[in-house]
Visitor: 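Pasting in a structure now, in structure tokens, and then I'll have a few things to ask.
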Amino acid sequence: ILNVEQSPQSLHVQEGDSTNFTCSFPSSNFYALHWYRWETAKSPEALFVMTLNGDEKKKGRISATLNTKEGYSYLYIKGSQPEDSATYLCAFYTDKLIFGTGTRLQVFP
Amino acid sequence: DSGVTQTPKHLITATGQRVTLRCSPRSGDLSVYWYQQSLDQGLQFLIQYYNGEERAKGNILERFSAQQFPDLHSELNLSSLELGDSALYFCASSVVDGGGYTFGSGTRLTVV
């Protein structure tokens with residue numbers, strides 16, 4: 001059974017704080033690691049697809065790193081804003097995309 | 001609008017009934033995926049179709065079936081419905097396997 005673990009489960013930060021989350025996945029049979037952002041009452045939206053060990057991706061204030069040998073990925077948000085409030089999902093791809101349960105981020109003004 | 005269209009948005013039906021959920025993928029995407037999100041659970045993979053053929057299967061119940069048609073739209077059929085089948089059902093599509101998924105807005109199924 002493939003297990004994708006995310007921590008923490010939830011996070012409350014003040015506007016302007018930087019924050020990061022962890023995604024752990026099996027290090028064998030790796031093909032790709034995805035990050036999604038899921039706002040309440042909307043559908044998940046792709047942030048990054050990462051395939052190579054050492055990959056670093058950036059989109060505005062959000063960035064992600066990947067370590068396939070040890071099976072983890074970090075998502076960083078610099079200077080959090082209230083509009084960053086959402087659940088951040090990672091997903092591990094082999095022959096199917098298996099999602100973690102997400103980190104729920106709330107940013108208070 | 002993500003480009004992935006799911007209908008209906010909401011569905012309320014009784015136990016024992018059968019329903020069909022429909023998904024039209026984003027233009028150009030050949031792969032369609034179905035996911036279930038039950039209360040307090042994450043997204044659970046059900047099944048994938050690629051260009052009309054079943055490509056991968058998750059923990060999909062035998063009461064559930066799916067297909068992808070020549071125009072690439074897909075249908076998820078749920079039969080002999082039980083209260084526990086109440087969930088949000090998402091469809092997603094992608095250009096290539098392993099590429100980023102584009103999700104539809106989901107169908108909320110309530111079984112009473």
Side-chain angles (χ1 to χ4, degrees), chain A residues 1-10 21-26 29-53 55 57-59 62 64 66 68 73 75 86-104, chain B residues 1-10 21 23-26 28-50 53-60 66 74 87-108:
Chain A
I1 296 176
L2 294 174
N3 229 9
V4 180
E5 304 279 349
Q6 289 190 250
S7 62
Q9 206 168 13
S10 65
F21 328 130
T22 304
C23 172
S24 301
F25 53 86
N29 297 323
F30 178 84
Y31 187 89
L33 193 283
H34 296 207
W35 281 99
Y36 290 80
R37 172 191 156 91
W38 192 359
E39 290 182 73
T40 305
K42 294 189 178 179
S43 38
E45 188 182 317
L47 286 172
F48 305 116
V49 176
M50 307 172 80
T51 55
L52 297 174
N53 185 43
D55 242 356
K57 300 258 182 176
K58 190 172 179 182
K59 195 176 195 175
I62 304 177
L66 178 68
T68 60
S73 175
L75 187 81
T87 296
Y88 291 83
L89 299 170
C90 76
F92 172 74
Y93 184 85
T94 52
D95 63 336
K96 43 188 168 272
L97 195 62
I98 306 299
F99 282 86
T101 50
T103 292
R104 187 182 173 92
Chain B
D1 179 12
S2 68
V4 177
T5 304
Q6 285 190 251
T7 57
K9 289 198 182 319
H10 302 276
L21 312 184
C23 169
S24 293
R26 198 178 55 160
D29 288 357
L30 298 179
S31 280
V32 170
Y33 313 85
W34 286 97
Y35 282 83
Q36 178 193 56
Q37 194 216 2
S38 304
L39 200 63
D40 294 333
Q41 296 225 352
L43 288 166
Q44 302 294 315
F45 172 70
L46 294 177
I47 198 162
Q48 177 201 352
Y49 278 84
Y50 176 82
E53 301 288 325
E54 184 184 301
R55 177 65 70 95
K57 217 166 182 174
N59 295 326
I60 187 167
S74 177
L88 192 53
Y89 291 85
F90 280 106
C91 165
S93 71
S94 70
V95 174
V96 293
D97 284 349
Y101 288 14
T102 301
F103 280 82
S105 55
T107 292
R108 182 166 294 284

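Letters A, B, ... are given to chains in the order of the sequence lines, protein chains preceding strands, and every chain is numbered from 1. Any value given below was found using the heavy atoms of this structure, including those in side chains, with hydrogens, waters and symmetry copies removed.
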Visitor: State, to 0.1 Å, how close A56(B) and K96(A) come at their nearest heavy-atom pair, and which atoms those are.
Guide: CB-CB, 4.5 Å
Visitor: Does a sphere of radius 6.0 Å around CG in N59(B) hold more than 12 heavy atoms from other residues, nucleotides or ligands, not counting ones at 6.0 Å or beyond?
Guide: no
Visitor: Under the rule for side chain to side chain contact (heavy atoms under 4.5 Å, CB included), what residues qualify as partners of A64(A), not counting sequence neighbours?
Guide: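 A64(A) satisfies side chain to side chain contact (heavy atoms under 4.5 Å, CB included) with W35(A), F48(A), M50(A), L75(A) once adjacent residues are dropped.
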Visitor: Is the side chain of S43(A) donor-acceptor paired with the backbone N or O of G104(B) at a distance under 3.5 Å, no angle test?
Guide: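 A pair under 3.5 Å: yes.
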Visitor: Rounded at 0.5 Å granularity, tell me how far CH2 in W38(A) sits from CZ in F103(B).
Guide: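 Spacing of CH2 (W38(A)) from CZ (F103(B)) equals 8.0 Å.
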Visitor: Is it true that atom CZ of R55(B) has more than 12 heavy atoms of other residues, nucleotides or ligands lying nearer than 6.0 Å?
Guide: yes
Visitor: Heavy-atom cut-off 4.5 Å, strictly under: side chain, backbone, both or neither for F90(B) against chain A?
Guide: side chain
Visitor: Without swapping roles, check the side chain of Y36(A) against the backbone of Y101(B) for a donor-acceptor pair under 3.5 Å.
Guide: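 A pair under 3.5 Å: yes.
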Visitor: Counting only non-hydrogen atoms closer than 4.5 Å, does Q37(B) touch chain A with its backbone (N, CA, C, O), its side chain (CB onward), both, or neither?
Guide: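 Contact with chain A involves the side chain of Q37(B) alone.
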Visitor: With only heavy atoms counted, which part of L47(A) is less than 4.5 Å from chain B, the side chain, the backbone, both or neither?
Guide: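 Neither part.
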Visitor: When only pairs under 4.5 Å are counted, which of G42(B), G99(B), G106(B), G58(B) shares the most heavy-atom pairs with chain A?
Guide: G99(B)
Visitor: Where is the tightest heavy-atom contact between L97(A) and F45(B), given as atom of each residue plus distance?
Guide: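 Closest pair (atom of L97(A), atom of F45(B), distance): O-CB, 4.1 Å.
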Visitor: So which part of Y33(B) gets closer than 4.5 Å to some heavy atom of chain A, the side chain, the backbone, both or neither?
Guide: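 No part of Y33(B) comes within 4.5 Å of chain A.
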